Protein chains: 2
Amino acid sequence: MAVHQPSSTEPASDAAGPATPAFSPLYQQIKGLILQSLQAGEWKPGEAIPSEMDLAARFRVSQGTVRKAIDELAAENLVVRRQGKGTFVATHAEQHVRYRFLKLVPDSGDEGPAQRTILECRRGRASAEIARALALRTSDPVVQVRRVLSFGGVPTILEDIWLPGNAFKGLTAEQLASHQGPTYVLFEVEFGVRMVRAEEKIRAVAADAQHARLLAVDAGAPLLSVERLSHTYNDVPMELRRGLYRTDTHHYRNDLS
Amino acid sequence: MAVHQPSSTEPASDAAGPATPAFSPLYQQIKGLILQSLQAGEWKPGEAIPSEMDLAARFRVSQGTVRKAIDELAAENLVVRRQGKGTFVATHAEQHVRYRFLKLVPDSGDEGPAQRTILECRRGRASAEIARALALRTSDPVVQVRRVLSFGGVPTILEDIWLPGNAFKGLTAEQLASHQGPTYVLFEVEFGVRMVRAEEKIRAVAADAQHARLLAVDAGAPLLSVERLSHTYNDVPMELRRGLYRTDTHHYRNDLS
DNA sequence: CAGTGGTCTAGACCACCAA
DNA sequence: TGGTGGTCTAGACCACTGC
């Protein structure tokens, strides 16, 4: 339900506490409520959420207020609007947004999907470093994956992936090797985990002997090191990924605005 | 003035031509008109544009329509809204958005502004490659700048910058060395050129002898190569920048969403 | 206090889609 | 044809700023 706040000045509650009245407009509250339903899985990825009219009725608010809430969710890619059809929970499976998190593109031309080679997929305990990144406790269960992505037979990306073990019970190398489309779709479909946002730290590094072998380059060759921390709803970290990219035939593309 | 389009179906103009009726909503047209005024320099960077009411009156449209147009301009960082004060033409000089295009951050801690060393600033003719990138004709005048940015005395960024000579008449090494704040502010203030959007292509490369000397690293050391094409209004390319970044103490930070 | 942007509402109509 | 999101309007009120 919409929380109607006292208008204008707060009642003079001079008790100690944060001085910020934390005013938030109605549409932000509605956005928060819709977000809760998204997190709770009330509507699954790809499904339609209720129409604006329905939501307006549910929250006892005008359609325009719901619209503004959904506008923001759409701007954050949590939801996709389709005129005449409805509003849908966003997915990494959509055609034109696929590989939204993969910014490595070929220098020229197009290319098919990557060939995946899973080198490792094992359960273990979180090191202090991994635990810190994923907001776990040291020695909590984690899944670690190592894989190589090749384009046209050329190994191009070597990735180490760490996932919280509890959320990804039963993840197998088989699944990782054989599924279609982005791995994040697998995560959505099989584990109900939707990655919403990520931060990347990018560096140039020299290939060590092992990396060189796996990526078929000379030892010491420059590689792009991409450390990505992905989050689900509410900024909960759910994946740490360390990638090494060959940039002799591809480049990392970024748009600034 | 707002262009009122024929409602519903087009009159059956079966003459040859693009089949798309190119319907665009009123607020998009208003946005376009405001954009024109921005390009034309009717309001300078940092200045306030007319109030929503004024613009609504000027364009014979409701305030809500103007608001939606400005909303989009604000979302594209072309304009900044300040409640109670007005709407202002965006600038690279704003405190919290300074160095908006510089994504290289120190691994830990903060750091002061960069020390700039201008190695070169000369006028010349565009090579075929530069001409293509900047949408000039080969041998059109260009300004080329080479500089090193250092943090705490450590040379960290080596940049080559190409600018269209006609738009940047009179740019000197003096100016580039002595101005305060981001170089893009200098461009706005001295040349009326506002960079609005940019694309970057990022690679890992090995330092050659010259680069190694200028950045105080060993030859062959891995460096981040960042090629940036910056645009003014209307996607007109106005700057090509090739940077080499040391990433031993800094990293390139990117947010995906 | 007046002026600005920000929120909220209610209603009309349009464009798109599916059945 | 009915339902969905998309546009446009008009008016009321709120929050913030500066005089």
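Residue numbers start from 1 in every chain, and the chains themselves are labelled A, B, ... in the order their sequence lines are given, proteins ahead of strands. Predicted model only: the values in this text are computed from it and were never measured.
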Notebook entry, point to check: What integer distance in Å separates Q63(A):CD from dT9(D):C1'?
Noted result: 14 Å

Checklist line | Of G84(B) and D71(B), the one whose closest DNA chain C nucleotide lies more 5' | finding: G84(B)

Next item on the list: Using only side-chain N and O atoms of S62(A), determine if any of them is under 4.0 Å from OP1 or OP2 of dA10(C).
Entry: no

Item checked: With T172(A) via side chain to side chain contact (heavy atoms under 4.5 Å, CB included) - residues at least two apart -> E174(A), Q175(A)

Next item on the list: Looking only at non-hydrogen atoms, find the nearest pair between A133(A) and L240(A) and report the distance.
Entry: CB-CD2, 4.1 Å

Next item on the list: Measure from NZ on K31(B) to P on dC8(D) and round the result to the nearest Å.
Entry: 13 Å

Next item on the list: Give a yes/no answer on whether the side chain of K68(A) brings an N or O atom under 4.0 Å of OP1 or OP2 in dT7(C).
Entry: yes

Next item on the list: Could you tell me the separation between the CG atom of L26(A) and the P atom of dC14(D), rounded to a whole number of Å?
Entry: 14 Å

Notebook entry, point to check: Residues in side chain to side chain contact (heavy atoms under 4.5 Å, CB included) with P106(B), at least two apart?
Noted result: E111(B), H250(B)

Next item on the list: Can you label the angle between the F191(A) ring and the F168(A) ring as parallel, tilted or perpendicular, going by 30° and 60°?
Entry: tilted

Next item on the list: Report the residues that fulfil side chain to side chain contact (heavy atoms under 4.5 Å, CB included) with D110(B), sequence neighbours left out, ordered by chain and then residue number.
Entry: none

Notebook entry, point to check: Taking CZ from R67(A) and C1' from dC8(D), how many angstroms apart are they, rounded to a whole number?
Noted result: 11 Å

Notebook entry, point to check: So which pairs with a foot in residues 69-81 of chain A pass salt bridge (Lys or Arg N to Asp or Glu O under 4.0 Å), sequence neighbours left out?
Noted result: K31(A)-E72(A), K31(A)-E76(A), E52(A)-R81(A), D71(A)-R81(A)

Note to self: Restricting to side chain to side chain contact (heavy atoms under 4.5 Å, CB included), what partner residues turn up for A56(B), sequence neighbours left out?
What the structure shows: V66(B)

Check: Below 4.0 angstrom from OP1 or OP2 of dG3(C), is there any side-chain N or O of K85(B)?
Finding: no

Margin query: Can you tell me which nucleotide in dC8(D), dG5(D), dC8(C) comes closest to the side chain of T65(B)?
Written below: dC8(D)

Checklist line | Nearest-angstrom distance from the residue atom CD of Q28(B) to C1' of dG6(D) | finding: 12 Å

Checklist line | Selection residues 84-97 of chain B - residue pairs positive for salt bridge (Lys or Arg N to Asp or Glu O under 4.0 Å), sequence neighbours left out | finding: none

Note to self: In this structure, how many angstroms lie between the P atom of dA12(D) and the CD atom of E52(B), rounded?
What the structure shows: 18 Å

Next item on the list: Would you mind reading off the distance between L55(A) atom CG and dT4(D) atom C1', rounded to a whole angstrom?
Entry: 12 Å

Next item on the list: Examine dG3(D): is either OP1 or OP2 under 4.0 Å from a nitrogen or oxygen in the side chain of S51(A)? Give yes or no.
Entry: no

Check: Looking at residues 86-94 of chain A, who's got a heavy atom less than 4.0 Å off DNA chain D?
Finding: G86(A), T87(A)

Note to self: If you take any heavy atom closer than 4.0 Å to DNA chain D, which residues from residues 72-83 of chain A end up in contact?
What the structure shows: R81(A), R82(A), Q83(A)

Next item on the list: Take atom CD1 of I49(B) and atom P of dT4(C), then tell me their distance rounded to the nearest Å.
Entry: 12 Å

Item checked: Counterpart residues, side chain to side chain donor-acceptor pair (under 3.5 Å), relative to Q115(B) (two or more places apart) -> none

